[in-house]
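Single-structure report; data block below.
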Amino acid sequence: MQNNQHEELQALVKAGKLEHVPVDRGFFAEQFESCAQIKIDVQALLENGSIQGAFLVGYTYIRKSATLLLYCRGVRPTARGGHRVIIDALGLDPQVPKELTENFDEFRMKRNSIEYPDFAIQEVDLASVERCVEIGDQLLAIAQGISS
């Protein structure tokens, strides 16, 4: 990462939204396999006609893939940072397209509308589920490139 991006990432660490972690290839491999299983789960839910369920699991695929990418950078989100800091930190990464983080944030809000009754439920469709998988795949590819 460039100097300014590194400083902004460190500011998130200092604020307690991210924490430093040592990178371990074994843990990376386990988490990579976990992401692959989640992707299979998305497909199974689609095959059973559960678009909303597939979307929720698809969002989990994005989040886990994004967290794995951050892990490759030596950080992970804390409870204080939540899902939002993942998006913020990805936005600092020059390898992550801006559109990807914007879509991730949009899906975070859709997920919240489904998970939390205070929000008006936003409709999800097959295209949203497919985009979740595309985003997760892109994030995993970047993470794999970094870990190689």
Side-chain angles (χ1 to χ4, degrees), residues 1-48 50-116 124-148:
M1 285 191 177
Q2 295 174 349
N3 224 9
N4 188 36
Q5 294 158 334
H6 180 74
E7 289 172 13
E8 290 182 50
L9 198 62
Q10 292 309 309
L12 292 171
V13 170
K14 195 172 188 175
K17 294 180 178 186
L18 292 174
E19 64 184 355
H20 289 288
V21 291
V23 180
D24 175 271
R25 287 187 180 270
F27 181 77
F28 176 86
E30 290 172 16
Q31 292 304 303
F32 190 87
E33 286 303 314
S34 175
C35 288
Q37 182 59 54
I38 291 170
K39 187 175 172 180
I40 292 168
D41 294 345
V42 170
Q43 189 58 44
L45 286 162
L46 286 175
E47 289 171 6
N48 286 314
S50 177
I51 297 288
Q52 193 175 69
F55 174 79
L56 291 172
V57 175
Y59 175 80
T60 299
Y61 180 54
I62 294 173
R63 184 189 49 75
K64 279 199 65 133
S65 298
T67 301
L68 189 57
L69 173 53
L70 294 179
Y71 175 77
C72 291
R73 298 285 191 207
V75 294
R76 70 176 173 204
T78 65
R80 178 182 287 169
H83 294 206
R84 180 70 229 174
V85 76
I86 298 169
I87 296 163
D88 293 342
L90 287 179
L92 300 173
D93 194 315
Q95 291 185 277
V96 177
K98 184 178 180 178
E99 177 188 4
L100 191 144
T101 58
E102 290 169 351
N103 288 162
F104 184 4
D105 195 32
E106 173 190 332
F107 291 148
R108 179 188 61 82
M109 290 183 286
K110 279 188 180 189
R111 176 236 177 221
N112 287 348
S113 79
I114 294 168
E115 292 284 317
Y116 303 110
V124 293
D125 55 13
L126 181 58
S128 295
V129 175
E130 290 170 345
R131 183 66 180 140
C132 284
V133 172
E134 290 170 7
I135 292 169
D137 287 349
Q138 286 179 294
L139 292 169
L140 278 182
I142 295 168
Q144 199 165 30
I146 293 169
S147 73
S148 297

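Keep in mind that the numbers below use all heavy atoms, side chains included, and drop hydrogens, waters and symmetry copies. Owing to the predicted nature of the structure, the values given are computational and were not obtained by experimental measurement.
Every salt bridge (Lys or Arg N to Asp or Glu O under 4.0 Å) that D105 has, sequence neighbours left out, goes to R84, R108. Considering only residues two or more places apart in sequence or on other chains, E102 meets the side chain to side chain donor-acceptor pair (under 3.5 Å) condition with none of them. Every residue two or more places apart in sequence or in another chain that forms a salt bridge (Lys or Arg N to Asp or Glu O under 4.0 Å) with D137 is listed here: K39. Listed by chain and number, the residues in a side-chain contact (heavy atoms from CB on, under 4.5 Å) with R76 are E19, V21 (sequence neighbours excluded). In this structure, the side chain to side chain donor-acceptor pair (under 3.5 Å) partners of S128, at least two apart in sequence or on a different chain, are K110, D125. Checked against ring-ring contact (aromatic ring centres under 6.0 Å, His included), Y59 has the following partners two or more places apart in sequence or in another chain: H83, F104. Under the side chain to side chain donor-acceptor pair (under 3.5 Å) criterion, E130 pairs with no residue, sequence neighbours left out. With sequence neighbours left out, Q95 forms a side chain to side chain donor-acceptor pair (under 3.5 Å) with R73. Annotation: side-chain contact (heavy atoms from CB on, under 4.5 Å) contacts of V23 (sequence neighbours excluded): Y71. Checked against side-chain contact (heavy atoms from CB on, under 4.5 Å), L56 has the following partners two or more places apart in sequence or in another chain: R111, I114, E115.
Note that SG of C132 is 11.0 Å distant from OH of Y61, once rounded to the nearest 0.5 Å. Between the CD1 atom in I146 and the CD atom in Q144 there is a gap of 11.0 Å [rounded to 0.5 Å].
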Fill in: Full working for side chain to side chain contact (heavy atoms under 4.5 Å, CB included) between V129 and V124
CA-CA 8 Å; V129 175; V124 293; 5.7 Å; no
Practice prompt. Just do the side chain to side chain contact (heavy atoms under 4.5 Å, CB included) check on V133 and I62 with the steps written out, would you?
Written response: CA-CA 7 Å; V133 172; I62 294 173; over 6 Å; no
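When all heavy atoms of A66 and L90 are compared, the pair lying nearest together is CB-CD1, 3.6 Å. Of all non-hydrogen atoms in I86 and P77, the two that sit nearest each other are CG1-CG, 3.7 Å. Of all non-hydrogen atoms in S65 and G136, the two that sit nearest each other are OG-O, 3.5 Å. Minimum heavy-atom separation, L9 to A89: CD1-CB, 4.0 Å.
Pairs engaging residues 127-148 under the ring-ring contact (aromatic ring centres under 6.0 Å, His included) rule: none recorded [sequence neighbours left out].
Residues I51 and L45 form no side-chain contact, since every pair of their non-hydrogen atoms from C-beta on lies 4.5 Å or further apart.
At distances below 3.5 Å, at least one donor-acceptor pair connects side-chain atoms of T78 with backbone N or O atoms of G16. Side-chain atoms of D24 come within 3.5 Å of backbone atoms of G26 as a donor-acceptor pair (strictly under, hydrogens ignored). Side-chain N or O atoms of T67 include one that pairs as donor or acceptor with a backbone N or O of R63 at under 3.5 Å. Under the 3.5 Å distance criterion, the side-chain polar atoms of N48 are matched with a main-chain donor or acceptor of A44.
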Would you mind writing out the side-chain donor-acceptor pairs for residues 27-38 within the sub-3.5 Å range, not counting sequence neighbours?
{"residue": "Q31", "atom": "OE1", "partner": "K64", "partner atom": "NZ", "Å": "3.0"}
{"residue": "S34", "atom": "OG", "partner": "K64", "partner atom": "NZ", "Å": "3.0"}
{"residue": "Q37", "atom": "NE2", "partner": "D41", "partner atom": "OD1", "Å": "3.0"}

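With I135 as reference, L100 is the one residue of L100, V96, T101 to meet the side-chain contact (heavy atoms from CB on, under 4.5 Å) rule.
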